[in-house]
Structure formats: structure tokens, C-alpha cells
Amino acid sequence: MKLYNTLTRKLEEFKPITEGKVGMYCCGPTVYSYAHIGNLRTYLNEDFLHRILVRAGYDVHHVMNITDVGHLTSDEDTGEDKMLKAAEQEKMDVLALARKYEDYFFEEEKDLNIIRPRTVCRATEHVQDMIEFVKKLEEKGLAYVSGGNVYFDTVKFGHYGELSWKDISGLQHGARVEEDTNKRNPTDFVLWFTSSKFENQILQWDSPWGRGYPGWHIECSVMSSKYLGEYIDIHCGGVDHIPVHHENEKAQSEGCFGHKWVNYWVHNEFLQLKDIKMSKSLGNILTIPALKEKGYDPLAYRYLAMTAHYRSLLQFTWEALDSAQAALNNLKSRVIEIKKNLSGVVNEDKKAGYLNKFDAAIFNDMAMPQALAVMWEVVKDADINNATKWAILSEMDTVFGLKMDEMKEEVYVPDAEVQALLDARKVARAAKDWAKSDEIRDALKAKGLTVKDLPDGSVEIKQI
RNA sequence: GGCCGGUUGGCAGAAUGGCUUAUGCAGAGGACUGCAAAUCCUUUGAUGUCGGUUCGAUUCCGGCACCGGCCUCCA
């Protein structure tokens, strides 16, 4: 399969380090608040990648970190600690807060049918490993202590800036952020904090440099190498991570290991809300529970995410979500119809033809919109039987993850009151008393029930 | 200030040097229905702008306009 590699800015043929296996590390959430649907677009895209790799026959070891250690809002020794701030606001212990939002996060992922990574690792449970890692960097002369903190020396590292194609000399340092005068170079970043102003930071550990806590980037280098080794096939994250977080992870990892670290860097574009930039720090977040409350199926959001390529900005509008929900509903009724009668022989030629077309799309840098178009072709193909359609669709759904196998007619059982209304309407219709019939239909509609008069004279009733 | 990306029908969003510019939703017409709903059939509709290259450009190149991103934390 082909993947776009941020490092080379090119589409490259994917080749695993070990035949048949893929090690994939994805930056996970910082658990001080709910994950919003923008965050989740990235995790959805990573789920598609995971599923596509599985379809390609790989044994995928998917690792995701949970950032549950307080980290500053910047690489400087300034700013505020987001976790600590949230914990104060919610009057909770920091760790309890982290667990709470971690649980919420996986609930949302479950609603979106995202496969849980094989390894989920928490930063707070790997602090000793981080200390060892920083010690190695220190031994190699790539770290220095200044003002009590330990910093990574990006100039000594030698090839900093490769990922974001950043020219260090051209950076306007301090233009938008307070300068940390402890640093030797503007791009240097903290590996271990001891002298930050957060004396009441609850999550602190002893270290050779004093009591403190780790810098933000170190956890990813440490945990990824712990679970995947020093060579990683794919590293994912949002595009926002390219210039700082991933650049820093890469520098410290390659500095520590002494060789190339990640073969393919895959970055997801943002979801964009019209007129609003949604971010946790601004507090204007839209979450899966919020969508559910408005009556949307979380899988409608999953569907929406599939309609755009992962490297394009996706404009989120309520109209777009409505259209995704409508498409999902239509798909559901089609799938239910298809599954009602699966007798007959599968047309293997047609099946192979469609799946080849599908694979061509997904293996070409995850062209999910095109894969969806192929799916609709199958659904609407009048020349193949249901057995063939279902054989194709069920395979496609291992990638789409729309739970097609669970789609079934929802049987509505009317209560006595509703049944009485239905009986009364039946009588009215038999007498051709249309006014009365319509009146009852409106009354049922007010209760959230739609009535369909089927051609055979029976009545179908559904909850809206 | 520096560096990037984008502009496709009503919305979202693919693709492509020429053939009907996917797909979903919405819209229109018809069948069906007492009327609806659902379904089925049919169907309208788009490449920001000005130039250039070319037999031919939505696609390649350049100017302009507008939108967005990054250089701070962020998926």
C-alpha cells in the first residue's frame, strides 16, 4: 500500500521493518477534559489505517499513550499546567481526574467503533523509564542542566527540523511566547522539570536532577520504544504535532538511539468548524455525548469522517452531519433489505472485481471517499444478488466499521394507548373517514411515531 | 514579518491534460398512495479570477482576489 510520508513529503510504498508485522504508534489524548470531535477525527483516521493494514494482512501492533502527567502549555518553563488547572477547577485529585477523562475517552471511542489499540500506556506509569532515557541523553552529551531543568540540545543533535522542514535560523523566537532564558538555543526543549513554579504540583518524582516531572515529549519516545522497539514503522498524529511535538520526539529518540527512528510519519488534517476554531483551551468543544444528545448516531460522525480524505481539512457543519446521518440511515435500510434474503450463489467474479476496486482505493493512501463510492455502487448494483452484495459489503465493513452486521430492523411494540389509536385509525380508514385518520396520524406523530400505510393494507409504525 | 495549503454544483467532498467531473445528502419530474411516508424510475446542477503553455486545462505555470494553517499549547 501507498502512504504519504510527512518526512519526505512524498507518497511512498509501505514496507514493514519485519515481514508481515507493523508497529504503529499514535499520539493519544491528554486527559484533562473531554475529547472533542476534532480530536476524534484523528483517532478515526488512525482506526481506518489500523483496519486497512489488517486487511492488507499485517499483524498490527497499535500503541497509544495516555498523557496523564501534568505538562506545561509550552516547552518553556512558563505557562500553566493544564491538568493541574483542571483538577483545581473540578476539585479533584489530578490522577482521579486523569482516570475520569481516560474513561470518557474510551467510551467515545467505543461509540465510534474505534478498535482499542493493543497497547494503551500511561505516562505516569513510565516515569522511571523516562528518567533512564534522559540519563542516556545526558551520557551522550545531548542534554544539559540549566536553571535546574534538563534541556535537550537541538543544535548539538545536528539535524533538528527535518520533519517540519524548518529552518532553525529563520525562527522568530519569542515573537509570540515568553522566552525561557535557560535555553541555549531557541528550539531546545525541556526533558525534565525541577524548578518550575508549580511547587504544589502533585505529580512529582525523584530524579537524579531533583524532584520534578518529565517534559511533555519524552513519554512518547520512551513508551514507543518500550513497546515497539527502537525502530518504528508508522508514527501518527495530528498535523499540529509536526513542528514541535514530533520534531522533538524524533530528535531525542534519534539522539538516544543513534539511528533513524520512524520510517513513515502519518499526519491527519484538522476538522474545521465554520467560524469557530474548536480547541480545548478555548473551551468551545463539541463532544460525542453532545451529538448523541442531539439525536445523532455516533456512527454518523464516523461516516462523515470517511467522506473526506485524511489529509484534507473537513468542514464540519450541522448540514454535513445531517447528510451523513441520512446516508447512514439509507445504508442501514438497504443492508437490512439485503440481509433479508441471502439465498443464491455468490458471484465470485463480481465480488473480486468490486473488492479489487475497493482495495485500490484504500491502499492508495487511504482514499476512503473513493472506497465509499465503490460501496454505494455495490449497494445499487441491480445485476448482482443479495448473497453477492452481502459477501462484498461485509468484507468492506471490516474497514468502514459501520457495524453492518449488527444492522437489523428495530421492532416497535405499541403500548395499549398507541394500539387503541391505531385501531381507531383502522376503523376510520375502513370508513374512508380521512379527516379522522389524518388526525390520529398527527397525534401519533406528536408522540414521535411515524405511520406508514403499506400497499398490502397493513400498517408500519416507527419511532423517529 | 517568514513559511505552507486551499478555492469543484444548494451542502459535504472525490478525481482528472481530452471521453458523461465520482459519491452521499438536498432539489425537480413521474409511478405508487384517499393524502402522506417509504420505495422505485427519470432528472437539473460546479471547476474563484485574469493571463500563459498546449491541438486541447478544472487539472501544468504565473499574477490577482478571497479563505485557512503553521512559526505558542492544540488531533
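All values reported here derive from a predicted model rather than from experimental measurement. Reminder, nothing fancy here: chain letters follow the sequence lines and each chain counts from 1.
Here the two rings, on His50(A) and Phe48(A), have centers that are 6.0 Å apart or farther. His126(A) and Tyr227(A) have their aromatic ring centers within a separation under 6.0 angstrom. Ring pair His246(A)/His217(A): centre-to-centre distance not below 6.0 Å.
Ser312(A) comes within contact range of the sugar-phosphate backbone alone, with a heavy-atom separation under 4.0 Å but no base atom that close. Within 4.0 Å of Asn330(A), counting heavy atoms only, lie sugar-phosphate atoms of the nucleic acid but no base atom. Backbone-only engagement by Arg334(A) is indicated by non-hydrogen atom pairs under 4.0 Å involving sugar-phosphate atoms exclusively. Looking at heavy-atom distances under 4.0 Å, Leu331(A) makes no contact with the nucleic acid at all.
In this structure, Lys294(A) forms a cation-pi arrangement with Trp318(A), its terminal cationic atom sitting closer than 6.0 Å to the ring centre and no more than 45° off the ring axis. Remark: Arg184(A) is not positioned above the aromatic ring of Tyr151(A), lacking an NZ or CZ atom under 6.0 angstrom from the ring centre and at most 45 degrees off the axis. Cation-pi geometry between Arg41(A) and Phe270(A) is not met: the NZ or CZ atom fails to fall both under 6.0 Å from the ring centre and inside 45° of the normal. For the pair Lys339(A) and Trp390(A), the cation-pi criterion (under 6.0 Å, within 45° of the ring axis) is fulfilled.
Considering only the side chain of Val244(A), rC73(B) comes nearest among rA75(B), rC73(B), rA14(B). You'll find that the side chain of Leu304(A) is closest to rA12(B), out of rA12(B), rA22(B), rA14(B). Nearest nucleotide to the His241(A) side chain, out of rG13(B), rC40(B), rA75(B): rA75(B). Each of rG24(B), rG13(B), rG34(B) was ranked by its minimum atom distance to the side chain of Trp434(A); first place goes to rG34(B). Listed candidates were rC25(B), rG34(B), rC11(B). Nearest to the side chain of Thr317(A) is rC11(B). The His36(A) side chain lies nearest to rA75(B) when the options are rA75(B), rC11(B), rA14(B). Of all nucleotides listed (rC25(B), rA14(B), rC35(B)), rC25(B) comes nearest to the side chain of Ala326(A). Here rC35(B) is the nucleotide among rG24(B), rC35(B), rA22(B) with the atom lying nearest to any side-chain atom of Asp453(A). Listed nucleotides: rG68(B), rA38(B), rC11(B). Nearest to the side chain of Leu313(A): rG68(B). Of the candidate nucleotides rA36(B), rA75(B), rC25(B), rC25(B) has the atom nearest to the side chain of Ser323(A).
We find that NE2 of His309(A) is positioned 21 Å from P of rG24(B), with the value rounded to whole Å. Rounded to an integer number of Å, the gap from CZ of Arg311(A) to P of rA14(B) is 11 Å. Distance Asp381(A) CG to rU23(B) P: 13 Å, rounded to the nearest Å. Between the CG atom of Leu44(A) and the P atom of rA75(B) there is a distance of 15 Å, rounded to whole Å. The CD-P distance, from Glu108(A) to rA75(B), rounds to 13 Å in whole Å. Rounded to an integer number of Å, the gap from OH of Tyr4(A) to C1' of rG5(B) is 10 Å. The distance between atom NE2 of His267(A) and atom C1' of rG5(B), rounded to the nearest whole Å, is 16 Å. Here the C1' atom of nucleotide rG24(B) and the CG atom of Asn329(A) are 12 Å apart, to the nearest Å.
A close approach under 4.0 Å does not occur between any side-chain nitrogen or oxygen of Thr307(A) and OP1 or OP2 of rA14(B). The side chain of Arg429(A) contributes no N or O atom lying less than 4.0 Å from OP1 or OP2 of rU33(B). Put simply, Gln272(A) has no side-chain N or O that comes within less than 4.0 Å of OP1 or OP2 on rG68(B). Taking only side-chain nitrogens and oxygens, Lys380(A) comes nearer than 4.0 Å to OP1 or OP2 of rG24(B).
Summary of the strand contacts: Glu319(A) and Ala367(A) both lie near RNA chain B, and taking for each the nucleotide with the nearest heavy atom, the more 5' one is attributed to Glu319(A). Comparing Tyr310(A) and Arg425(A) by the nucleotide of RNA chain B whose heavy atom lies nearest to each, the residue mapping closer to the 5' end is Tyr310(A).
Ring geometry, Tyr104(A) versus Tyr34(A): the interplanar angle falls from 30° to 60°, so the pair is classed tilted.
Distance noted for atom P between rG13(B) and rG48(B): 15 Å (whole Å). On the C1' atoms, rA37(B) is 15 Å away from rA31(B), given to the nearest whole Å. Between rG56(B) and rG45(B), the two C1' atoms lie 25 Å apart (nearest whole Å). With both ends at atom P, the span from rC67(B) to rU8(B) equals 14 Å, rounded to whole Å. A gap of 16 Å separates the P atoms of rG18(B) and rC61(B), to the nearest Å. Taking atom C1' on both nucleotides, rU42(B) is separated from rC19(B) by 23 Å, rounded to a whole Å.
rU47(B): no Watson-Crick or G-U partner with both key distances under 3.5 Å is found in any strand. Nucleotide rA22(B) forms a pair with no other nucleotide shown, judged by Watson-Crick or G-U wobble geometry with both contacts under 3.5 Å. For rG1(B), the paired base is rC71(B) (Watson-Crick or G-U wobble, both distances below 3.5 Å).
You cannot call Trp376(A) stacked on the base of rG24(B); the centres under 5.5 Å and planes under 30° rule is not satisfied.
Residue side chain Arg441(A) reaches the base of rA36(B) through a donor-acceptor N/O pair under 3.5 Å, judged by distance alone. Evaluation of atom-type donor-acceptor distances gives no pair under 3.5 Å for the side chain of Arg9(A) against the base of rC4(B). Not a single donor-acceptor pair, N or O on each side, falls under 3.5 Å between the base of rG69(B) and the side chain of Asp240(A).
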* Please step through side-chain hydrogen bond (donor to acceptor under 3.5 Å, both in side chains) for the pair Asp297(A) and Tyr303(A), ending with a clear verdict. => CA-CA 10 Å; Asp297(A) 181 342; Tyr303(A) 186 98; over 6 Å; no
